[in-house]
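First listed ligand is number 1; within each ligand, the first listed atom is number 1. Just so you know, residue 1 is the first one in the sequence shown, and it goes up from there.
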Amino acid sequence: MCDAQDWFTESYPDNGSALSLKIRAKLHEEQTPFQRIEIYDTESFGKLMVIDGCTMVSDRDNFLYHEMMTHPVLYTHPAPKTVWIIGGGDCGSLREVLKHSEVEKAVQIDIDERVTRLAERYFPELCEANGDPRAELLFIDGIQWVKDAPDGCVDVIIVDSTDPVGPAEGLFNEAFFRQCHRCLRTDGILVQQSESPLFHLPLIASMHRIMRQAGFAQTRTLFFPQFIYPSGWWSATMAGKGDLNRFRADAAEAKLFPTRYYNADIHRAAFAVPEFFGDALRELV
Ligand code: SAM
């Protein structure tokens, strides 16, 4: 038995469950104008960032999320040159995007500069591509950024946000998806973290529905494990102006950069649709 004080616990009351990580120390805590950020040193997951009580990033398992938020969409788009990351302040998605040599410009738009400053201090490896001349880091509201942007100016939009409450709430509605659709070029693709398939199925179904209502021709969800997120199983949902079944498998198989989870077989497998999920989409969308 361990003293409860040695543990960080995030509970999911709606699902009668919780995640606990044994901690060595709390390294930092602050309230920014947008959210409360905590950093822990854990016993077996390395450093851990928590925002408003929800786990965001751990040293040990962030590669799963960051690789699956980026490489599947970049190997689905026929020629991704310009990429926006809305949220993503820990810079892990930016680092993965910049591994693609065909990307000419990647803009990360996070509302809260403190997330990035703390990531630079506590997760320096996630920030190692921040100095890449193709990278631009902006600290403004992603909803406003998309509203103000011109038509047809971006190839891929990655929404790497917190949960759909607080500042991220407006990143999950039809008005936002309409603006993204307007900003994307002809073959443009939006991909958004879409929570747990086990715990948040109605949310994922509603994302499919409103992405299509917003004008996207196709939507598809991909799945991956993520120990520190509710249920340990996570998803991202893509919305395409064109065909989303255009995996550039040859390019993925010949990739010259290292990944720890993503490869061409993982790409194909991640899009396999579980029975309960397909049934729910047919019923709810
Ligand atoms: N991987 C994480 C997850 O799924 O839990 C997300 C990590 S990332 C740190 C989430 C970021 O979204 C935070 O840095 C937060 O500041 C940012 N964010 C939330 N709402 C936003 C908005 N409206 N515009 C831009 N960034 C936003």
Side-chain angles (χ1 to χ4, degrees), residues 10 12 19 28 30-39 45 47-70 84-97 107-123 126-127 130 136-149 157-173 175-177 179-180 183 190-197 199-200 203-204 207 222-237 261:
E10 180 184 345
Y12 320 120
L19 166 84
H28 187 86
E30 73 178 78
Q31 176 67 47
T32 76
F34 306 101
Q35 50 212 353
R36 173 164 295 277
I37 311 176
E38 295 161 85
I39 311 281
F45 275 72
K47 305 270 193 325
L48 171 73
M49 181 187 282
V50 174
I51 294 185
D52 287 341
C54 301
T55 56
M56 290 288 126
V57 177
S58 85
D59 276 332
R60 184 164 171 185
D61 75 348
N62 79 78
F63 67 98
L64 297 160
Y65 177 88
H66 289 134
E67 291 183 13
M68 295 306 279
M69 285 297 292
T70 54
W84 295 345
I85 300 158
I86 312 271
D90 55 67
C91 305
S93 293
L94 180 66
R95 181 183 72 167
E96 295 305 312
V97 166
V107 188
Q108 177 185 288
I109 307 108
D110 197 293
I111 201 166
D112 194 346
E113 181 170 0
R114 290 303 299 152
V115 176
T116 299
R117 298 300 163 231
L118 290 169
E120 285 167 347
R121 183 155 153 210
Y122 293 106
F123 298 89
L126 297 184
C127 299
N130 290 7
E136 186 177 1
L137 275 67
L138 301 175
F139 300 107
I140 51 171
D141 185 355
I143 302 165
Q144 195 60 44
W145 164 264
V146 170
K147 249 190 219 161
D148 294 343
I157 302 176
I158 298 170
V159 185
D160 177 0
S161 74
T162 39
D163 299 338
V165 283
E169 195 176 346
L171 297 170
F172 287 79
N173 63 34
F176 175 72
F177 294 145
Q179 291 293 351
C180 290
C183 294
L190 165 73
V191 65
Q192 178 149 5
Q193 75 89 359
S194 51
E195 311 275 308
S196 162
F199 285 3
H200 309 116
L203 172 85
I204 304 175
M207 284 175 70
L222 61 114
F223 307 91
F224 50 94
Q226 191 70 49
F227 176 79
I228 68 161
Y229 291 169
S231 85
W233 191 28
W234 215 242
S235 71
T237 296
Y261 185 69

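Between Glu30 and Arg114 there is a salt bridge, with a side-chain nitrogen of the basic residue lying less than 4.0 Å from a carboxylate oxygen of the acidic one.
Remark: minimum distance from atom 24 (N) of ligand 1 to any protein heavy atom is reached at Gly142 N, 2.9 Å. The protein atom (non-hydrogen) at minimum distance from atom 27 (C) of ligand 1 is Ile111 CG2, 3.7 Å. With hydrogens left out, the protein atom closest to atom 16 (O) of ligand 1 is Asp110 OD1, 2.7 Å, a heavy atom. Protein heavy atom at the shortest distance from atom 1 (N) of ligand 1 is Tyr229 OH, 2.6 Å. Looking at atom 19 (C) of ligand 1, its nearest protein heavy atom turns out to be Thr162 OG1, 3.2 Å. The nearest heavy-atom contact from the protein to atom 9 (C) of ligand 1 is Asp90 OD2, 3.4 Å. Nearest protein heavy-atom neighbour of atom 22 (C) of ligand 1: Asp141 OD1, 3.7 Å.
Neither the backbone nor the side chain of Met49 has a heavy atom within less than 4.0 Å of ligand 1.
Ligand 1 places these atoms under 4.0 Å from at least one heavy atom of Gly88: 8 (S), 11 (C). Close approach of ligand 1 to Asp112 (heavy-atom distance below 4.0 Å) involves ligand atoms 16 (O). For ligand 1, the atoms sitting less than 4.0 Å from at least one non-hydrogen atom of Ser161 are 3 (C), 4 (O), 6 (C), 10 (C), 12 (O), numbered in the order shown with element in parentheses. Close contacts of ligand 1 with Ala168, meaning ligand atoms under 4.0 Å from a residue heavy atom, involve 19 (C), 20 (N). Heavy-atom proximity to Ile109, at under 4.0 Å, picks out these atoms of ligand 1: 25 (C), 26 (N).
Residue-ligand proximity: Phe34 is placed with every non-hydrogen atom at 4.0 Å or more from ligand 1. Assignment of Glu195 to the shell around ligand 1 is not supported, since no heavy atom sits closer than 4.0 Å.
Note on ring orientation: taking the six-membered ring where Trp is involved, the planes of Phe45 and Phe227 are parallel (angle under 30°, cut-offs 30° and 60°).
Between Pro167 and ligand 1, an N or O atom pair is found at a separation short of 3.5 Å.
Minimum interatomic distance between Cys91 and Leu137 (heavy atoms only, all atoms of both residues): SG-CD2, 4.3 Å.
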Worked verdict on Ile109 versus Phe139 for side chain to side chain contact (heavy atoms under 4.5 Å, CB included) = CA-CA 6 Å; Ile109 307 108; Phe139 300 107; over 6 Å; no
Applying side-chain hydrogen bond (donor to acceptor under 3.5 Å, both in side chains), run through His200 and Asp163 and close with a yes or a no.
-> CA-CA 11 Å; His200 309 116; Asp163 299 338; over 6 Å; no
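Using a 4.5 Å cut-off on side-chain heavy atoms (C-beta onward), Leu48 and Ile39 make no contact. A 4.5 Å side-chain heavy-atom check between Val159 and Val191 finds every atom pair outside the cut-off.
Checked against a 6.0 Å centroid threshold, the rings of Phe177 and Phe172 do not count as neighbours.
Taking Glu10 as the reference, nothing meets the salt bridge (Lys or Arg N to Asp or Glu O under 4.0 Å) condition, with sequence neighbours excluded.
Formation of a donor-acceptor pair under 3.5 Å by the Ser93 side chain with backbone atoms of His66 is not found in this model.
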